[in-house]
Structures are given as structure tokens and as C-alpha cells.
Amino acid sequence: MLKIKVPATTTNFGSGFDSLGMAVNLYNEFYIESSPALEIVVEEAYRGLIPADHRNLVYRAAEKVFAELGEPVPGFRITQKTNIPMSRGLGSSASCIVAGILAANEWTGHRLGRQKLLDIAVSLEGHPDNVLPALVGGFTTAMMENGTTKYIRNRIDPKFVFFFMVPPFELSTGKARSVLPGSYTSGDAVASIARALFMAASLKDGNTEALKYACDDVIHQCYRSGLIDNYDEVVMTAYSCGADGVYLSGAGPSIAAIVSSDFGGFMDLCAKKLPKRWMILQTSPDYCGAVVEII
């Protein structure tokens with residue numbers, strides 16, 4: 001039996017749209033073993049939410065690897081342990097994709113290298129910023145070149161802790177993308193590039209002063225915020241409680257706060273001020289990425 005542990009991810013980091021991402025220490029676990037036919041086992045709370053047939057994302061990702069190798073897909077029993085909130089901008093779908101490709105590659109004798117696996121994962125996800133850090137860990141900067149993902153993996157200053165303020169409702173990536181414009185002005189493009197560079201440099205060097213400006217995005221947050229009830233209130237609450245930077249995690253609706261001091265104070269104070277039924281999660285960067293064990 002294979003056990004695959006995949007971290008959650010936070011992406012975009014304000015203006016790093018579809019390019020900046022980071023793995024954090026919150027994990028989904030997948031147990032995969034041989035079976036006469038496909039069998040998907042999910043926790044009771046997620047029955048009806050996670051497909052238990054050939055539409056299952058773990059299975060679909062594994063199927064892609066077998067197709068790449070020209071081999072039939074064997075029977076699998078896939079058991080999912082879900083700890084990453086679904087459809088909340090924390091990479092739950094990416095974790096399923098990464099688990100599926102790693103399981104299939106393990107099953108077929110490691111015939112595909114990491115770059116090929118990454119390219120398959122990106123083809124399923126549509127962009128690299130979630131699946132990349134879920135696979136390799138760390139803080140990643142990615143770009144696409146002729147259908148291949150190029151990336152740089154870095155560590156960030158260890159003083160930073162990431163809090164996620166998670167609402168009691170979902171937001172699909174498709175809906176979040178539907179509100180984005182088809183084009184941007186040159187001014188917005190330049191502003192976005194500058195802020196993304198500020199974000200990457202600030203996280204690496206520990207520059208807390210620049211983070212608030214780096215989070216002031218003009219590419220996606222200003223369009224998506226209207227889809228999220230209490231968005232402005234939560235952002236202002238996080239800053240008032242001591243956050244250095246606040247941004248929409250992925251496509252949302254979770255909102256991330258970067259905090260460099262008094263972590264306990266931030267957690268307690270922010271939790272009291274959040275709107276009803278919002279929850280707060282404290283995390284740190286994960287530098288291992290997905291881990292496969294034979295048990």
C-alpha cells in the first residue's frame with residue numbers, strides 16, 4: 001500500500017498571479033492499494049462532495065500517467081483523508097492531482113522524472129502555482145515556456161508565519177476566474193510586476209515594511225473581492241491585529257495574513273474579531289513537498 005502525504009498551498013501572494021506559490025504544513029493523505037476494480041473511500045463528511053468513481057481527481061491524474069506510458073490503468077482502492085479545506089483557495093485540488101501522478105509513477109517503476117510529472121500536473125490544473133509547491137515544497141516562482149514549467153524554489157525568512165482566515169462558504173476557481181478582465185492596461189501590468197518582485201524579495205529577505213505594498217494587487221484581488229462576503233472587514237481586521245501583509249489565497253475565498261511577531265496574540269485577537277463562522281488556521285512553510293511511503 002502507498003501512503004502519499006501532500007501539503008496545502010497558498011498562491012498568487014497578491015500580484016504573483018499564477019506564478020508565486022508556497023507549500024504549508026497542512027496535509028491531505030491518500031492511501032492507495034491494488035484492487036480488482038476502482039474503489040474510492042472518502043470520509044463521511046465528504047461523501048457526495050468528492051466523486052467516488054472515475055471522475056475522482058486522484059484517479060484522473062493517475063490515469064494521465066498511465067496514458068503517457070501507454071499502459072492500462074489497473075484497479076485501485078483509493079482512501080482519502082481530507083484535512084485541507086475544499087474550494088477555499090488552499091490547494092485541495094492540487095493535492096489530489098499530485099497524489100494521483102505520484103501513485104501512478106510509483107506503480108509503474110518511476111519511469112517518469114519530476115519535470116514530466118510536473119508538466120502532467122500542470123496540464124490538469126491549468127497553471128503551475130498550486131501543483132508545483134505541492135509537489136516540490138517551499139516557496140516557488142514559476143513560468144511557462146513552450147508548454148513546460150520552469151521554476152525556482154526558495155526558502156523564506158523563518159520569522160514569517162502564515163494565518164488563513166477561512167470562511168464558511170466555497171468559491172470555485174472557475175467562478176473566480178470568470179470575473180477577471182480579458183486584458184489589462186500597461187500601467188496595471190507594470191504595477192503587478194513590480195509588486196510581485198517586491199513580494200518575492202521581501203519574503204526571502206524578511207522585509208516586513210514592503211509586504212503591505214506587495215499585497216496591493218491590481219490583477220485579480222480587486223475583481224474577486226466582490227465575490228467574498230466580509231472581504232474588506234476581514235482584511236482590515238487582520239491588519240489591525242498586527243499582520244505585515246494580507247492577500248487573497250489562490251482564487252479565494254480564504255484570506256491569508258503574513259505575520260512576523262506575536263503569533264499567539266494575532267491568533268487570539270483575530271479569531272475574536274472575525275465574522276461569524278469564519279475560522280483561522282496557523283501554518284508555516286513546508287519544504288518537503290509531497291512524500292510517498294510504502295506501508
Once the angle between the rings of Y247 and F162 is folded into 0 to 90°, is it parallel (under 30°), tilted (30 to 60°) or perpendicular (over 60°)? perpendicular
Please round to the nearest 0.5 Å and tell me the distance separating atom CG of N28 and atom OG of S95. 4.0 Å
Would R111 and E71 satisfy salt bridge (charged side-chain N to carboxylate O under 4.0 Å, His left out), going step by step from the backbone distance to the final call? CA-CA 12 Å; R111 289 162 59 187; E71 294 193 8; 2.2 Å; yes
Check for me, please, whether M199 and V24 land in the same ILVMFWY cluster - side-chain distances under 4.5 Å, paths through other members count. yes
Full working for side-chain contact (heavy atoms from CB on, under 4.5 Å) between I97 and K64: CA-CA 10 Å; I97 292 171; K64 273 271 193 178; over 6 Å; no
Reported OG1-to-CG distance for the pair T283 and L26, which is rounded to 0.5 angstrom: 7.5 Å
Of all residues at least two apart in sequence or in a different chain, which pass the salt bridge (charged side-chain N to carboxylate O under 4.0 Å, His left out) check with R177? D18
Does the side chain of R195 reach to within under 4.5 Å of the side chain of L197, using non-hydrogen atoms? no
Partner residues of N130 under the side chain to side chain donor-acceptor pair (under 3.5 Å) criterion, sequence neighbours left out: T9
A side-chain contact here means heavy atoms from C-beta on lying under 4.5 Å apart; do Q80 and Y46 qualify? no
Are the side chain of N56 and the backbone of P51 linked by a donor-acceptor contact shorter than 3.5 Å? yes
Taking the six-membered ring of Y31 as reference, does the cationic atom of K3 (NZ for Lys, CZ for Arg) lie under 6.0 Å from its centre and within 45° of its axis? no
Nearest heavy-atom contact between T10 and A256 is OG1-CB, 4.4 Å
Minimum heavy-atom separation for F160 and P285, please, with both atom names. O-CD, 4.3 Å
Do NZ/NE/NH1/NH2 and the carboxylate oxygens of E43 and K81 come within less than 4.0 Å? no
Minimal non-hydrogen separation, C270 against A238, with atom names: SG-CA, 4.5 Å
Closest contact, heavy atoms only, P253 versus P167: CG-CG, 3.5 Å
Which of D244, D157, T208 passes side-chain hydrogen bond (donor to acceptor under 3.5 Å, both in side chains) with S260? Answer is D244
Spacing of T141 atom OG1 and M22 atom CE [to the nearest 0.5 Å]: 12.0 Å
Mark yes when over 12 heavy atoms from residues, nucleotides or ligands other than I294 sit less than 6.0 Å from its CD1; otherwise mark no. no
Taking all non-hydrogen atoms of both residues, which atom of F266 and which atom of A257 are closest, and how far apart? CZ-CB, 3.7 Å
Which of these, D217, L20, I219, D129, sits in a side chain to side chain contact (heavy atoms under 4.5 Å, CB included) with N12? D129
Mind jotting down which residue pairs meet the ring-ring contact (aromatic ring centres under 6.0 Å, His included) criterion with at least one end in residues 182-241? Sequence neighbours excluded, please. F17-H220
So S92 and T82, side-chain contact (heavy atoms from CB on, under 4.5 Å) or not? Walk me through it. CA-CA 8 Å; S92 60; T82 303; over 6 Å; no
Below 4.5 Å, heavy atoms only, C-beta onward: do S35 and F76 meet side chain to side chain? no
Within 6.0 Å of NZ in K273, more than 12 heavy atoms from elsewhere: yes
Evaluate side-chain contact (heavy atoms from CB on, under 4.5 Å) for V65 paired with I120, printing each intermediate quantity in order. CA-CA 8 Å; V65 172; I120 292 173; 4.2 Å; yes
Shared ILVMFWY cluster between V259 and V235, side chains joined below 4.5 angstrom? yes
If you round to the nearest 0.5 Å, how far is CG of L117 from CG of L112? 5.0 Å
So, the side chain of S172 versus the backbone of K175: is there a donor-acceptor pair under 3.5 Å, distance only? yes
Compare all side-chain heavy atoms of M267 with those of I280 and state whether any distance is below 4.5 angstrom. yes
Go through the steps to decide whether S254 and M165 satisfy the test side-chain contact (heavy atoms from CB on, under 4.5 Å), and finish with yes or no. CA-CA 6 Å; S254 294; M165 293 155 287; over 6 Å; no
Report yes or no: do V6 and Y59 belong to one cluster of Ile/Leu/Val/Met/Phe/Trp/Tyr joined by side chain heavy-atom distances under 4.5 Å? yes
Y27-V166 co-clustered via ILVMFWY side chain contacts under 4.5 Å: no
Can you confirm whether the side chains of S202 and N207 place a donor and an acceptor under 3.5 Å from each other? no
Sorted by chain and number, sequence neighbours left out, salt bridge (charged side-chain N to carboxylate O under 4.0 Å, His left out) with E39 holds for R77
Is it true that L69 and V73 fall in one hydrophobic cluster, defined by side-chain heavy atoms closer than 4.5 Å? yes
Atom CZ of residue position R277 - does it have more than 12 heavy atoms of other residues, nucleotides or ligands inside 6.0 Å? no
Is there a side-chain contact between S87 and F169, using heavy atoms and a 4.5 Å cut-off? no
Given side chains that start at C-beta, do those of N105 and I101 come closer than 4.5 Å, heavy atoms only? no
One should read off an interatomic distance between Q282 CD and F263 CZ, to the nearest 0.5 angstrom, of 7.5 Å
When you measure from the centre of the six-membered ring of Y287, is the NZ or CZ of R155 under 6.0 Å away and within 45° of the axis? yes
Any side-chain heavy-atom pair of M144 and T149 under 4.5 Å: yes
V246 vs C215 side-chain heavy atoms within contact, under 4.5 Å: no
The criterion is salt bridge (charged side-chain N to carboxylate O under 4.0 Å, His left out); which residues satisfy it with D232, sequence neighbours excluded? none
If you count every heavy atom of other residues, nucleotides or ligands that lies below 6.0 Å from K204 atom NZ, does the total exceed 12? no
Exercise: identify the closest heavy-atom pair between S284 and N25: N-OD1, 2.8 Å
Those residues that, when tested against R224, pass salt bridge (charged side-chain N to carboxylate O under 4.0 Å, His left out) (two or more places apart): none
From S225 OG over to N230 CG, what is the distance, rounded to the nearest 0.5 angstrom? 12.5 Å
